[in-house]
Number of protein chains: 2
Amino acid sequence: MVSDKTIGRISVYRRLLKEVAAKGETNVFSHQLATMAGCTPAQVRRDVMTIGYSGSPARGYDVAELIDSISAVLDPPEHEGIALVGVGNLGRAMLSYFVGRSPRLAIVAAFDEDPEKVNRVIHGCRCYPVNDMEQVIRERGIREAIIAVPAAAAQDAARRLVSAGVNGLVNFAPVRLWVPDGVYVENVDVTMALERVAYFARERVQERV
Amino acid sequence: MVSDKTIGRISVYRRLLKEVAAKGETNVFSHQLATMAGCTPAQVRRDVMTIGYSGSPARGYDVAELIDSISAVLDPPEHEGIALVGVGNLGRAMLSYFVGRSPRLAIVAAFDEDPEKVNRVIHGCRCYPVNDMEQVIRERGIREAIIAVPAAAAQDAARRLVSAGVNGLVNFAPVRLWVPDGVYVENVDVTMALERVAYFARERVQERV
DNA sequence: TTCACGCTGTGAATCGTTTCACAAACACTG
DNA sequence: CAGTGTTTGTGAAACGATTCACAGCGTGAA
Ligand SMILES: NC(=O)c1ccc[n+]([C@@H]2O[C@H](COP(=O)([O-])OP(=O)(O)OC[C@H]3O[C@@H](n4cnc5c(N)ncnc54)[C@H](O)[C@@H]3O)[C@@H](O)[C@H]2O)c1
Ligand SMILES: NC(=O)c1ccc[n+]([C@@H]2O[C@H](COP(=O)([O-])OP(=O)(O)OC[C@H]3O[C@@H](n4cnc5c(N)ncnc54)[C@H](O)[C@@H]3O)[C@@H](O)[C@H]2O)c1
């Protein structure tokens, strides 16, 4: 119903609105939010309309109410624990950031095959052996996971996660995962981002000549 | 001229083509590449057409030639060094991955304000004090950078990088950077990715009911 | 009370991207 | 060497997302 683009942007808007609220402002206009988010006022209004909130022509949007409306769309009804597979360099960074950060979305279990890491607590999160994956995920009712294992191990990790009940994945490995219908995968491809930046950094310069 | 979507996809195709080449295959059809990349054969053909390569109706695309054609678009004419600002949890992960990885795009200098990190070599990369940023970037002719500092410090890091000559940024901080025209910014927003996954994981399940 | 202003909500236009659909090309077969 | 089957390249259609443009409204000023 709501497009992935809109979902992505309202997540950004909410973060910005929290900053605005922290400054003591109670209202914002679409053009202010647009400037902060790097998009157009029309885009902001369309997105706000999509999630069913509406503001006042005179005062714009009520910051607190808009945050609540966005949260009603984005936030899971109750706390959702996230699993992390692969506690390497990137996995540890994710742990340091997403353990206990948000009340609604936080990493609650990590998995690795390395005996050095297994059964230790890393950045405040218990690291389990991969063999316990299905059990821990079922017990905790985990439905989203972050994949941060080497490319060669990613597909198998995805398969195990999905079979244990996970239906949303953030994948850092540079491979396209095969998952059944109904499972949502978001690929975060840093190498691609860098190559794109390198390309457009050159292109843009040439434009200026 | 070439859209950012196409640039992103050909980066993925190239990675897949290298895997295909490693298996000893010399030719691929658009439908094979499409299956691997998770898109349609028509999309692959359109992208290949866009970069000016063409295959044979009978044998599909020559793997080596297509890799070369993509590289002619993506690769900088000579080696491009990348700078990293912020050697924290995420920055170290980036270093471990992008130091010496590709012959064309590799992190060659890191910057941090923490005296503990400055002037040490981390994952094979020298970490300089932020005050040396402009000098090192100019000396090395660096034109792309990765920002991995806390949100509050990101805008200032971007400003300094750009003033030193950088015109392409990969930004991990959850803020929208203000940069002059001609500077390309790619935001990698992991929190947004997670929120999107959580949302669509729920949505998809409901669809099935 | 009336007016003028500036913002929202939204139908319609526009824009960029993806997909369709098919002619032309080629290899293989008998 | 004609026939068959499969694939490419690409104009044109379809699609989805963004932007335009303006009616309608509430507010503050006079
Ligand atoms: N580090 C980066 O900046 C970066 C950038 C882009 C992409 N990536 C990708 O992210 C992934 C992780 O990168 P990294 O740098 O953290 O790698 P890493 O080698 O530091 O860590 C990988 C971890 O996964 C564990 N592991 C390996 N096989 C496993 C399995 N079958 N089950 C469970 N755990 C397993 C290892 O023990 C290790 O702890 C890789 O696919 C990499 O390509 C990383
Ligand atoms: N770690 C993650 O998984 C993750 C996920 C999403 C977003 N992020 C974002 O990425 C950024 C980095 O995250 P992190 O987890 O590595 O943080 P971190 O706190 O571990 O590291 C930040 C590093 O930046 C350095 N630093 C601070 N101010 C600086 C300045 N002005 N100039 C140079 N260096 C400076 C610090 O010394 C530290 O080494 C943050 O903006 C964070 O919001 C991180």
Side-chain angles (χ1 to χ4, degrees), chain A residues 1-13 16-17 20 25-67 69-70 73 176 184 187 192 196 199-200 203, chain B residues 1-13 16-17 20 25-67 69-70 73 176 184 187 192 196 199-200 203:
Chain A
M1 177 201 165
V2 184
S3 80
D4 61 336
K5 311 254 175 119
T6 295
I7 293 295
R9 280 190 304 263
I10 63 175
S11 160
V12 172
Y13 299 157
L16 296 167
L17 287 164
V20 169
E25 303 286 331
T26 60
N27 293 82
V28 260
F29 293 119
S30 62
H31 65 263
Q32 299 174 302
L33 213 41
T35 304
M36 293 185 277
C39 64
T40 65
Q43 180 85 81
V44 171
R45 294 204 299 275
R46 176 72 57 186
D47 288 333
V48 170
M49 185 187 140
T50 307
I51 62 164
Y53 180 68
S54 68
S56 125
R59 269 165 284 107
Y61 302 107
D62 182 288
V63 175
E65 282 179 15
L66 183 48
I67 290 176
S69 297
I70 292 175
V73 176
R176 180 74 36 166
Y184 185 84
N187 293 293
M192 192 202 78
R196 204 142 76 169
Y199 176 81
F200 285 107
E203 281 298 297
Chain B
M1 176 202 164
V2 184
S3 80
D4 61 337
K5 311 253 176 123
T6 296
I7 293 296
R9 280 190 304 263
I10 63 174
S11 160
V12 172
Y13 299 158
L16 296 167
L17 287 164
V20 170
E25 303 287 330
T26 60
N27 293 83
V28 260
F29 295 120
S30 62
H31 65 262
Q32 298 176 302
L33 214 40
T35 305
M36 294 185 277
C39 64
T40 64
Q43 181 84 83
V44 170
R45 294 204 299 275
R46 177 71 58 185
D47 288 333
V48 170
M49 185 188 140
T50 306
I51 61 165
Y53 181 68
S54 67
S56 126
R59 268 164 285 106
Y61 301 107
D62 182 288
V63 175
E65 282 179 17
L66 184 47
I67 290 175
S69 296
I70 293 175
V73 176
R176 180 77 35 168
Y184 184 84
N187 292 294
M192 191 203 78
R196 205 143 75 168
Y199 176 81
F200 284 107
E203 281 297 298

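Chain identifiers are assigned alphabetically (A, B, ...) following the order of the sequence lines, protein sequences preceding nucleic acid strands; residue numbering begins at 1 within each chain. Computation of the quantities below employed the complete heavy-atom set of this structure, encompassing side-chain atoms and omitting hydrogens, waters and symmetry-equivalent molecules. All values derive from a computational prediction rather than experimental measurement.
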Examine [N]: is either OP1 or OP2 under 4.0 Å from a nitrogen or oxygen in the side chain of [X]? Give yes or no.
X: Gln43(A); N: dT19(D); answer: yes
X: Arg9(A); N: dT18(D); answer: yes
X: Ser54(A); N: dG9(C); answer: yes
X: Thr40(A); N: dT18(D); answer: no

Rounded off to whole Å, could you give me the [atom1]-to-[atom2] distance for the [X] and [N] pair?
X: Ile7(A); N: dA17(D); atom1: CD1; atom2: P; result: 12 Å
X: Asp4(A); N: dT17(C); atom1: CG; atom2: C1'; result: 14 Å
X: Tyr53(B); N: dG9(D); atom1: OH; atom2: C1'; result: 14 Å
X: Met49(A); N: dC7(C); atom1: CE; atom2: C1'; result: 16 Å
X: Asn27(B); N: dC28(C); atom1: CG; atom2: P; result: 11 Å
X: Arg45(A); N: dT19(D); atom1: CZ; atom2: C1'; result: 10 Å
X: Glu65(A); N: dT8(C); atom1: CD; atom2: P; result: 14 Å
X: Arg59(B); N: dG9(D); atom1: CZ; atom2: P; result: 12 Å

Using a cut-off of 4.0 Å on non-hydrogen atoms, how would the nucleic acid contact of Ser3(A) be classed: base, sugar-phosphate, or nothing?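 Sugar-phosphate contact only.
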Once you apply a heavy-atom cut-off of 4.0 Å, does Ser30(B) come out as touching a base, just sugar-phosphate, or nothing?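 If one applies the 4.0 Å heavy-atom cut-off, Ser30(B) turns out to touch the sugar-phosphate alone, with no base involved.
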Check: dG11(D) base within 3.5 Å donor-acceptor of Arg46(B) side chain: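 Result: at least one qualifying N/O pair found.
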For [X] against [Y], the heavy-atom pair lying closest together:
X: Gln43(B); Y: Arg9(B); value: NE2-NH2, 3.0 Å
X: Pro41(A); Y: Ala34(A); value: N-CB, 3.4 Å
X: Tyr53(B); Y: Leu66(B); value: CD2-CD1, 3.7 Å

Answer yes or no: is there a donor N or O on one side and an acceptor on the other, between the side chain of Arg176(A) and the main chain of Ala37(B), under 3.5 Å?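 Yes; judged by distance alone, with no hydrogens or angles, the pair exists.
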Could you pick out which residue, His31(A) or Thr6(B), lies toward the 5' side of DNA chain C when each is mapped onto its nearest nucleotide?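 Mapping each residue to its closest nucleotide by heavy atoms, the 5'-most match is His31(A).
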Given [options], identify the nucleotide with an atom nearest to the side chain of [X].
X: Lys5(B); options: dT27(D), dT8(C), dT18(C); result: dT18(C)
X: Ala42(A); options: dT17(C), dC20(D), dT7(D); result: dC20(D)
X: Phe29(A); options: dC7(C), dG26(D), dA21(C); result: dC7(C)

We want to know whether Asn27(A) and Tyr61(A) form a side-chain donor-acceptor pair, criterion being a heavy-atom distance below 3.5 angstrom.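 Their side chains do not contain a donor-acceptor pair, so the 3.5 Å distance test is not met.
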